[in-house]
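What follows is one structure encoded as structure tokens, with my remarks underneath.
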Amino acid sequence: MDNLRGAILMVLAMAGFAIEDMFIKLTSDALPVGQIIATLGAGGGTVFAIILLLQGRRLFSADMLTGPILLRAVGEVLGTLCFVTAIVLTPLSSASAILQATPLAVTLGAALFLAEPVGWRRWSAIIVGFLGVLLIIRPGLEGFNALSLFAVAGVIGLALRDLATRKVPPSISSMQLSFLAFIVLVPAGLILMLATRSPVATPGKAEMLYLGGAVVIGVLAYYAIVAAMRVGEVSFVTPFRYMRMLFALVVGIMVFDESPDTLTLVGAAIIIASGVYTLWRERKIRPRPRRGLSKPGLPG
């Protein structure tokens, strides 16, 4: 029963992140990307700051100046800037499909930089999964869209964030990490606006509703992930993250009139199958603790 509850919560979280992406894409017609990111960072940072203060915890501590925290912030900024740019400039369905390669990139990074053992089966799954990414991007072919590389860069940033999270001092709480993850997006968004010479736009009522919805839904989705990982077994609940792809397809088709082609769908299926196999294989080789704690950032 706990696993069922955890799976339902994870599915709800993935639906929430897909809706958050939808709001971001709808807002992009009137606001520059940098302004959207800075606004979301300020909104989410404020929510988590209030939670921390109500819990009687500090927003900042000396431990936050350690290498893993700073590296995590770099990954958070890179991943968020690039993925938000991808969902603004490319079809939501294809950007979300590429995002599903993040767990594979984390496994690859753990093997290369953290000296974690990865056998030939998981190496094979990683290679096959990245071949699925190539099917979606199609470099050198007629359907190639260079803007899809923003989604690839987003995967790299989010993988860096997750790898750095493994080295975060235990004295830093998950809520503090979440607060930092959002608050660093404010200067990042403003710098992006300066770099692209994007003037500040005045949001209309629709844009304010979209941005507010993105913040609220994003925070609720975060809580759903935390609850899912605490209620159910990590190895059982984690594969349900891939439901985000299904919700992104539904949103892309119904809201943005997207029509994913066969190669995109096949590529997404390959990425998801490779990711699920990698998770299953990792669980079989090294059992994880029953209860965990997810530490996602804005893109989830």
Side-chain angles (χ1 to χ4, degrees), residues 10 13 17 63-84 86 95-96 98-130 132-133 149-185 188 222 225-226 229 234-235 237-239 241-242 244 271-272 274-283 285-289 291-300:
M10 182 61 77
F17 282 126
D63 291 342
M64 291 182 179
L65 297 178
T66 57
I69 295 289
L70 298 177
L71 190 61
R72 187 183 191 278
V74 171
E76 190 75 60
V77 169
L78 175 63
T80 301
L81 288 181
C82 292
F83 182 66
V84 169
S96 297
I98 295 172
L99 182 69
Q100 306 311 305
T102 302
L104 297 172
V106 171
T107 302
L108 175 62
L112 296 178
F113 303 111
L114 301 181
E116 292 189 7
V118 175
W120 67 269
R121 293 180 179 85
R122 281 191 289 168
W123 275 115
S124 300
I126 291 171
I127 293 172
V128 171
F130 287 140
V133 173
L149 296 178
F150 279 112
V152 176
V155 168
I156 295 173
L158 296 179
L160 175 62
R161 178 199 69 186
D162 291 347
L163 289 169
T165 300
R166 300 186 181 190
K167 299 297 182 180
V168 168
S171 58
I172 303 297
S173 71
S174 187
M175 284 295 174
Q176 286 175 312
L177 278 181
S178 301
F179 166 71
L180 286 175
F182 277 95
I183 210 67
V184 296
L185 298 179
Y222 168 83
I225 282 185
V226 172
M229 300 295 276
V234 174
S235 60
V237 171
T238 299
R241 284 178 178 268
Y242 291 106
R244 181 171 180 169
I271 294 170
I272 293 173
S274 300
V276 171
Y277 176 80
T278 301
L279 290 170
W280 172 80
R281 187 66 188 172
E282 183 176 349
R283 171 62 176 173
I285 295 173
R286 185 177 64 252
R288 297 180 180 182
R291 298 181 187 275
L293 185 60
S294 176
K295 302 172 182 176
L298 178 62

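Just so it is clear, the model here is predicted, and its values are computed rather than measured.
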From [X] atom [atom1] to [Y] atom [atom2], the distance as rounded to the nearest 0.5 Å:
X	Y	atom1	atom2	result
Arg121	Ile126	CZ	CD1	14.0 Å
Thr165	Ile69	OG1	CD1	8.0 Å
Arg244	Gln100	CZ	CD	7.0 Å
Glu76	Asp162	CD	CG	8.5 Å

Work out which heavy atom in [X] is nearest to a heavy atom in [Y]; give both atom names and the distance.
X	Y	result
Arg72	Ala181	NH1-CB, 4.0 Å
Val184	Ala73	CG1-CB, 4.2 Å
Leu78	Ala153	CG-O, 4.1 Å
Ala151	Ala86	N-CB, 3.6 Å
Ser178	Tyr222	OG-OH, 2.9 Å
Ala159	Val106	CA-CG2, 3.8 Å

Ile225 vs Arg241, side-chain contact (heavy atoms from CB on, under 4.5 Å): CA-CA, chis, key distance, verdict: CA-CA 9 Å; Ile225 282 185; Arg241 284 178 178 268; 4.0 Å; yes
Report yes if some heavy atom in the side chain of [X] is under 4.5 Å from a heavy atom in the side chain of [Y]; otherwise report no.
X	Y	result
Val128	Ile271	no
Phe83	Ile98	no
Arg161	Leu71	no

Backbone N/O of Leu99 and side chain of Thr102: donor-acceptor pair under 3.5 Å: yes
By side chain to side chain contact (heavy atoms under 4.5 Å, CB included) - contacts of Leu70 (at least two apart):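 Result, side chain to side chain contact (heavy atoms under 4.5 Å, CB included) vs Leu70: none returned.
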From CA spacing to verdict: side-chain contact (heavy atoms from CB on, under 4.5 Å), Leu104, Ser274: CA-CA 8 Å; Leu104 297 172; Ser274 300; 4.1 Å; yes
Modelled atom types, side-chain donor and acceptor of Thr278 and Arg122, under 3.5 Å: no
From Leu108, Val155, Val152, residue fulfilling side chain to side chain contact (heavy atoms under 4.5 Å, CB included) relative to Phe130: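 Among the candidates, only Leu108 passes.
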Arg166 and Glu116 ion-paired at < 4.0 Å: yes
Set of residues satisfying ring pair (Phe, Tyr, Trp, His ring centres under 6.0 Å) with respect to Trp280, sequence neighbours excluded: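 Once residues adjacent in sequence are excluded, the partners of Trp280 under the ring pair (Phe, Tyr, Trp, His ring centres under 6.0 Å) criterion are Tyr277.
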Chi angles and distances behind the side-chain contact (heavy atoms from CB on, under 4.5 Å) call for Leu114, Lys167: CA-CA 10 Å; Leu114 301 181; Lys167 299 297 182 180; 3.8 Å; yes
Stepwise side-chain contact (heavy atoms from CB on, under 4.5 Å) test for Trp123 and Thr107: CA-CA 9 Å; Trp123 275 115; Thr107 302; over 6 Å; no
